[in-house]
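The structure appears right after this line, and notes come after that.
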Number of protein chains: 2
Amino acid sequence: MMINNSITAKQAADMLCQADNILIICHKNPDGDTLGSAAGLMHALKKLGKTCAVLCNDEIAPKYDFMGIELFTKQFEPQFTVAVDVADTKLFGERTLPYSEVVDLCIDHHPSNSGYAKIVCCDDAMPATAQLMVSVVENMGVELDGTIADCLYTGIMTDTGCFKYSATSAQTHREAAKLMDAGAQHTMISTKFFMSRSRKTMELEKYALNTMEFLYDDRCAVIVLDDEILRQIGAQPGDIDGISAIPRSIEGVDIGITIRQIDEGKFKISVRTSENADACAIAQGLGGGGHVRAAGCEVIGSLDCAKKAILREVENALCL
Amino acid sequence: MMINNSITAKQAADMLCQADNILIICHKNPDGDTLGSAAGLMHALKKLGKTCAVLCNDEIAPKYDFMGIELFTKQFEPQFTVAVDVADTKLFGERTLPYSEVVDLCIDHHPSNSGYAKIVCCDDAMPATAQLMVSVVENMGVELDGTIADCLYTGIMTDTGCFKYSATSAQTHREAAKLMDAGAQHTMISTKFFMSRSRKTMELEKYALNTMEFLYDDRCAVIVLDDEILRQIGAQPGDIDGISAIPRSIEGVDIGITIRQIDEGKFKISVRTSENADACAIAQGLGGGGHVRAAGCEVIGSLDCAKKAILREVENALCL
């Protein structure tokens, strides 16, 4: 990442303290980290008496209701725009895209951050933007409370796969301890995000396991969820979140691919890799991005084309 | 738990410091917590120049090789016997049972600890015996090193379901941070225990999802793994570990039951519950024990009898 206009968490906090009428933008297909970071920042800014709200391109799943996110409905004229966990303008959606040109500050942890914002506070050593946001909030002089802690704990917990992924550090555990001391409801959050799956998720997992394809001496596993099966099961985006971790989780699999139809002739491809392959490089081959172990891209065309395209990238990565 | 002969971690450390020729005993069907706690203690005692070794009733799966456990082969005459994570004499196996009468100290975290040992150091607020063992080792005056940290981090990580379960506290995260600072190999451990499943585990999960039965208005889900399917898949105990978490993980399920044949006419039943039921009480109904959310028991008889017996306990628990 070569971003010249980058600042520290302390400097980001100072910028936010000087601003008001603040619009906070999440990435599309929002997850626990972008929402938790946005909500945590929103509550912190409100504690400082600021006017602020969150803009999200897509509908937010009910499981995030506890975050108490106040959505932006043009109730004020934004004077400062901050994007959280949004690495690239491609991650803006139809509704947020108009703001992509005027982002004053981006707070992020993706190594693939494109530097589209005027100022960037991006630390790619952090396993979650929410962990960076703990520093930002503290540097704003805001005391962590139960609500802020719930939001930031959710961000850390979800983006580290519940403290599983390799970017998890001793510092991650220390921040988690701090957030629990501040009142983060560990059990509520872990139950919601890690200990329960909907019947629809279960049906999807069953389908995934029953149909998973193993390729290249079992070094790659592929799941395909097309419109037909998604309709048949009645799956919502929230039901699908965990599926993309399945193929890579099988012993010996270096590259796990999940191809999910998101529209007529449009597919979202999730790439998960072991230490033997670079997920970000694979996704970037098709115009996507992300992290070294987890990345994604979108492909327009037929399912057959999408699959062939991603498998070409997989073959490159496996030097076949 | 009413145990009169109970002591603190500091007192347990003092006892261990005064002892030598120490036999460390694990519970049967050993898991990450009993093995990690035993191995961590073993390495700490060795740093103090003590003679010690670990006795485990069953073969230890290769995935625990990194712990460097030195097995007891009668290479010395035990003068002090410590059982770790062993709540009850029922958790001794054929090979360890002779020692169950002479356990000088039991270090444990199970609320169902039966107090069979001469002295008990049991803190049921701890999510893992390994978390308690961190205190014991520190109180022994042993500096944590990478090897000890690997063992204890594994115990904490596995018994908290990777920091998911409700007993996880801020202190758990602080101890985890401390162990990572001391050199615990987070990525190696999380990959081994939480990010990879064998093909056989995958086959078992597929079978479990395809055959899971939902009972009592879907408040109970049951998986049965009989000898035939275990043989057909060629599953080893290590492949089966995670399966028992599946039924309870389905939304709306309060009681998840996994019945696994362990011998001709002998079944191990795992019970997992939501906050709406007491797993330990259900397991105790059939002579077992454990924690409030995770417990187990063994039943002798036909599969049909075992299933009927446990479902009677489930009906009681659901007040049906």
Side-chain angles (χ1 to χ4, degrees), chain A residues 153 157 160-184 186-210 212 214 218 221 239 245-253 272 274-275 293, chain B residues 153 157 160-184 186-210 212 214 218 221 239 245-253 272 274-275 293:
Chain A
Y153 196 85
M157 203 181 207
T160 58
C162 203
F163 307 98
K164 266 198 310 284
Y165 302 153
S166 58
T168 305
S169 66
Q171 190 58 28
T172 309
H173 282 300
R174 272 191 285 271
E175 301 295 359
K178 194 191 288 172
L179 293 169
M180 284 189 77
D181 283 335
H186 168 86
T187 302
M188 179 275 285
I189 299 167
S190 78
T191 303
K192 211 180 262 283
F193 293 93
F194 290 98
M195 292 179 69
S196 71
R197 38 188 153 193
S198 64
R199 284 292 280 271
K200 286 174 182 174
T201 300
M202 192 203 84
E203 291 299 330
L204 278 174
E205 286 183 11
K206 198 197 296 190
Y207 177 83
L209 288 175
N210 285 330
M212 187 155 41
F214 289 87
D218 300 348
D239 302 317
I246 294 177
R248 217 294 306 141
S249 73
I250 314 297
E251 219 167 48
V253 171
R272 298 288 183 274
S274 74
E275 68 281 7
R293 300 278 164 269
Chain B
Y153 195 85
M157 204 183 206
T160 58
C162 203
F163 307 97
K164 267 198 309 282
Y165 302 153
S166 57
T168 306
S169 66
Q171 191 58 26
T172 309
H173 282 300
R174 272 190 285 271
E175 301 295 358
K178 195 192 287 172
L179 294 169
M180 284 188 77
D181 282 336
H186 168 85
T187 302
M188 179 274 285
I189 299 166
S190 78
T191 302
K192 211 179 262 286
F193 293 94
F194 290 98
M195 291 179 70
S196 70
R197 38 189 151 190
S198 65
R199 283 291 280 269
K200 287 173 182 172
T201 300
M202 191 203 85
E203 291 299 330
L204 279 173
E205 286 183 10
K206 198 198 293 192
Y207 177 82
L209 289 174
N210 285 330
M212 186 155 43
F214 290 88
D218 301 348
D239 301 317
I246 295 178
R248 216 295 304 143
S249 74
I250 314 297
E251 218 168 49
V253 172
R272 297 288 183 276
S274 74
E275 67 281 7
R293 300 278 163 270

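Chain naming here is simple, since letters A, B, ... match the order of the sequence lines and numbering starts at 1 in each.
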Which atoms of [X] come close to chain B, meaning under 4.5 Å heavy atom to heavy atom: side chain ones, backbone ones, both, or neither?
X        : answer
A:Leu179 : neither
A:Phe193 : neither
A:Tyr207 : neither

Inset, instruction - State, to 0.1 Å, how close A:Ala170 and B:Ala177 come at their nearest heavy-atom pair, and which atoms those are. - result: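 Answer, listing the atom of A:Ala170 first, then B:Ala177: O-CB, 3.4 Å.
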Legend entry - Which atom of A:Ser166 lies closest to which atom of A:Arg293, heavy atoms considered: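 Nearest heavy atoms, A:Ser166 then A:Arg293: OG-CG, 4.4 Å.
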Inset, instruction - Identify whether the distance between the nearest side-chain nitrogen and carboxylate oxygen of A:Glu175 and A:Lys178 falls below 4.0 Å. - result: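 A:Lys178 and A:Glu175: salt-bridged.
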Inset, instruction - In plain terms, say whether B:Glu203 and B:Lys200 are close enough for a salt bridge, that is, a side-chain N and a carboxylate O under 4.0 Å apart. - result: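 Between B:Lys200 and B:Glu203 there is no salt bridge, as every charged N stays at least 4.0 Å from the carboxylate O atoms.
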Any idea which of [options] has the most non-hydrogen atom pairs under 4.5 angstrom with chain B?
options                                : value
A:Leu209, A:Thr201, A:Asp218           : A:Leu209
A:Arg197, A:Glu251, A:Lys206           : A:Arg197
A:Ser198, A:Ala245, A:Gly161, A:Ala208 : A:Ser198
A:Val253, A:Thr187, A:Ile250           : A:Ile250
A:Met202, A:Arg174, A:His186           : A:His186

Legend entry - Interface residue of largest heavy-atom contact number with chain A, from B:Ala167, B:Ser196, B:Ala184, under 4.5 Å: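 Going by pairs under 4.5 Å, I would pick B:Ser196.
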Legend entry - Among the listed options B:Ile189, B:Thr172, B:Thr168, B:Thr191, the residue most often paired with chain A at heavy-atom distances under 4.5 Å: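 With the most close heavy-atom pairs to chain A, the winner is B:Thr168.
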Inset, instruction - Rounded to the nearest 0.5 Å, what's the gap from SG on A:Cys162 to CE on A:Met195? Could you check? - result: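 Spacing of SG (A:Cys162) from CE (A:Met195) equals 9.0 Å.
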Inset, instruction - Drop me the distance from A:Lys164's NZ to A:Ser249's OG, to the nearest 0.5 angstrom. - result: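 Going from NZ on A:Lys164 over to OG on A:Ser249, the span is 9.5 Å.
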Heavy-atom contact with chain A under 4.5 Å, split by part of [X]:
X        : answer
B:Ile246 : both
B:Met212 : side chain
B:Gln171 : neither

Inset, instruction - Give the ring-plane orientation class for B:His173 versus B:Phe163, where under 30° counts as parallel, over 60° as perpendicular and anything between as tilted. - result: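 Taking B:Phe163 first and then B:His173, their aromatic rings lie parallel (interplane angle under 30°).
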Legend entry - Pair B:Phe194-B:Met157, side-chain contact (heavy atoms from CB on, under 4.5 Å): steps then yes or no: CA-CA 9 Å; B:Phe194 290 98; B:Met157 204 183 206; 3.8 Å; yes
Legend entry - Validation row: B:Pro247, B:Arg272 side chains within 4.5 angstrom (heavy atoms):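 B:Pro247 vs B:Arg272: side chains apart.
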